[in-house]
Amino acid sequence: MSLPPLVEPADELTVDEVRRYSRHLIIPDVGMEGQKRLKNAKVLCVGAGGLGSPTLMYLAAAGVGTLGIIEFDEVDESNLQRQVIHSQADIGRSKAESAKDTVLGINPYTQVNLHEERLDSSNVMDIFAPYDLIVDGTDNFATRYLVNDACVLLNKPYVWGSIYRFDGQASVFWSEHGPCYRCLYPEPPPPGMVPSCAEGGVLGVLCASIGSIQVNEAIKLLAGIGEPLVGRLMIYDALEMTYRQVKVRKDPDCAICGPNATVTELIDYEAFCGVVSDEAQEAAAGSTITPKQLKEWMDDGEQLDVIDVREQNEYEIVSIPGARLIPKNEFLMGNALQDLPQDKKIVLHCKTGVRSAEVLAVLKNAGFADAVHVGGGVIGWVNQIEPEKPVY
C-alpha cells in the first residue's frame, strides 16, 4: 500500500547539497521535494553492527538530516568481516564513536546523535520519542520485542531486518497501517532453539543485502514514495539467489496492537524471551565451574569427560585440550546419552556457557547428577588459560 510522506520537507537545499544529491534530484519520484524530506528526517538506528553498518552509511549518503545511533559495544576484530562501518584501526574503540566518524566522513551535513547505552524498558521511550523512524538492526529477540512494543506504544513505524548464515528477512512494521512484529511472531522461540549469529555465523555480504533493503524502505517511508513492505515479509536466500514474499496480516488477537491488547506497557523482555530457560538456570545452579577450576582438575589427574557441545566448525577454530565434540542437538535428540561414561565426571562447555547449560539440564533430567558445565565456555578458557589461542 502507498503511504503519505512521514516527514515534512525542509525549507531549502543549499547549493552544495543540490550538487551532492543531484542524482536523487533528477529522479521524478524523489526530486527536490523528496530530498528536502530526507534532509528534515530524523532516523534512529538500533545497533551499529552488521545491519547497522550499511544502514547508517547509506542513510547518510542519501541525505538524511539527523541520524541517531544506539550502541554500547566496542569494535572487536571478529566484527570486521561484516561490520564495514568500522576498520582495523577502530578495534577497541566505541562502536558508536567509530560509526559516527564514518558517517561524518560520508556526509558532513548529517547530524549524528549518539546513545551509548544498552537499550531497555527504562530508556527506550525517551530515546525513540524525538525520531520519525526507527531502523532495527539488532540480533536478539529480547531487543526486537522491546523495539516493537515501544514503536507500537509511540505509534512509530520501524524497519526490521534479520540475518543468519545465508538467509535474510526484512519488513516494515507500523501498527497504524498494518501488522507489528508480534503479529508475525507472537511468542519468542524457546531459549537456545534459534542460534545467534555468534553461534551459527553469517555471510558478511548478507548484511549489505538486507541492510540495503532496510535503507530502501526507510527512504520510501520518509519521502512517501513507492509501496513499503508493510504487511509483507521479504525473504532472501543468498545461496539460491532468490527473493520471495510472504503476506503478513494484522493479528486481531495481537497482544499489543490488537483491539483487546493485553500488553499495555513495556515489560521485562529478558524474562519474556527467556535468554536461558528456567530448567537451564536451575541445572547450572551449584553445577557451574570456572575455566581455572577445570584446569586444576585436569592438572590433578581427575577422571573427566570434557564434552564440547558446539558445532564442528566452531570446534575447528579453537577447543579446550582433551575435549571431545558432541553437538548440542545430539543431546536434545537423545542420541548422545547412551555413550556417556558412568565412571567419569562429565564437564560440558560451549562458547560462552548458554548452550552447555541447556545440555546440562538434559543430563540432570537423565540422572547424571554430578555433571557440571564451564561458565564462560571456551571464551573464558582462552581468556584465562590460553590467551595465545584465537577467539571468534
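Note that this is a predicted model, so its numbers are computed, not measured. Because only heavy atoms are used, hydrogens play no part in the values below, and waters and symmetry mates are left out as well, while side chains stay in. In this chain, residues are counted from 1 in sequence order.
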Please step through side-chain contact (heavy atoms from CB on, under 4.5 Å) for the pair Tyr269 and Asp149, ending with a clear verdict. CA-CA 10 Å; Tyr269 293 90; Asp149 292 1; 2.7 Å; yes

More than 12 heavy atoms of other residues, nucleotides or ligands under 6.0 Å from CG of Asn155: yes or no? yes

Distance alone, cut at 3.5 Å: any donor-acceptor contact between the side chains of Thr143 and Asn140? yes

Report whether Ile320 and Tyr315 are members of the same hydrophobic cluster (ILVMFWY, side-chain heavy atoms less than 4.5 Å apart, transitive linking). no

Kindly compute the distance separating CD (Gln214) from SG (Cys45), expressed to the nearest 0.5 Å. 7.5 Å

Audit row: Val246, Arg232, side-chain contact (heavy atoms from CB on, under 4.5 Å) steps and yes/no: CA-CA 6 Å; Val246 175; Arg232 294 181 291 153; over 6 Å; no

Would you call Arg20-Glu17 a salt bridge at under 4.0 Å N-O? no

Using modelled atom types and a 3.5 Å cut-off, is there a donor and acceptor pairing between side-chain atoms of Thr110 and backbone atoms of Val64? yes

Applying the 4.5 Å side-chain criterion to the ILVMFWY set and letting contacts propagate, would Met333 and Ile326 be lumped into a single cluster? no

Counting neighbours of OH on Tyr145 that are heavy atoms of other residues, nucleotides or ligands and sit closer than 6.0 Å, is the number greater than 12? yes

Scan side-chain atoms only and decide if Glu77 and Asn79 contain a donor-acceptor pair under the 3.5 Å cut-off. no

Let me check something: do Tyr181 and Val124 share a hydrophobic cluster, defined by ILVMFWY side-chain heavy atoms less than 4.5 Å apart, either directly or through other members? yes

Let me confirm one number: the CG-CG distance from Leu340 to Leu363, rounded to the nearest 0.5 Å. 5.5 Å

Does the side chain of His86 pick up a donor-acceptor pair with the side chain of Ser98 at under 3.5 Å? yes

Donor-acceptor pair, Lys156 side chain versus Ala129 backbone, under 3.5 Å? yes

Answer with yes or no whether the side chains of Ser319 and Lys389 bring together a donor and an acceptor at under 3.5 Å. no

Taking the six-membered ring for Trp and the full ring for Phe, Tyr or His, determine whether the centres of Tyr158 and Trp174 are under 6.0 Å apart. no

Show your reasoning for whether side-chain hydrogen bond (donor to acceptor under 3.5 Å, both in side chains) applies to Ser356 and Lys328. CA-CA 8 Å; Ser356 58; Lys328 171 187 169 183; over 6 Å; no

Distance only, no hydrogens: is a donor on one side chain within 3.5 Å (strictly under) of an acceptor on the other, for Glu116 and Ser94? yes

Check this for me: does any side-chain nitrogen of one of Arg355 and Glu314 sit under 4.0 Å from a carboxylate oxygen of the other? yes

Rounding to 0.5 Å, atoms CZ (Arg324) and CD1 (Ile307) come to a distance of 4.5 Å

Is there a donor-acceptor contact under 3.5 Å linking the side chains of Tyr21 and Asn107? yes

Count I, L, V, M, F, W, Y as connected when their side-chain heavy atoms are under 4.5 Å apart, and connections chain through other members. Are Val374 and Leu325 then in the same cluster? no

Looking only at side-chain N and O atoms, does Asp16 offer a donor or acceptor that is under 3.5 Å from a partner on Thr14? no

Criterion salt bridge (charged side-chain N to carboxylate O under 4.0 Å, His left out) on Lys295 and Asp299, from CA distance to verdict: CA-CA 6 Å; Lys295 182 65 166 59; Asp299 292 343; 2.9 Å; yes

Axial cation check for Tyr392 ring with Arg310, 6.0 Å and 45° limits: no

Aromatic contact, Tyr236 with Tyr243 (centres under 6.0 Å): yes

Single-linkage hydrophobic cluster Leu184~Val263, side-chain heavy atoms < 4.5 angstrom: yes

Distance-only side-chain donor-acceptor flag, Glu8 / Asn40, under 3.5 Å: no

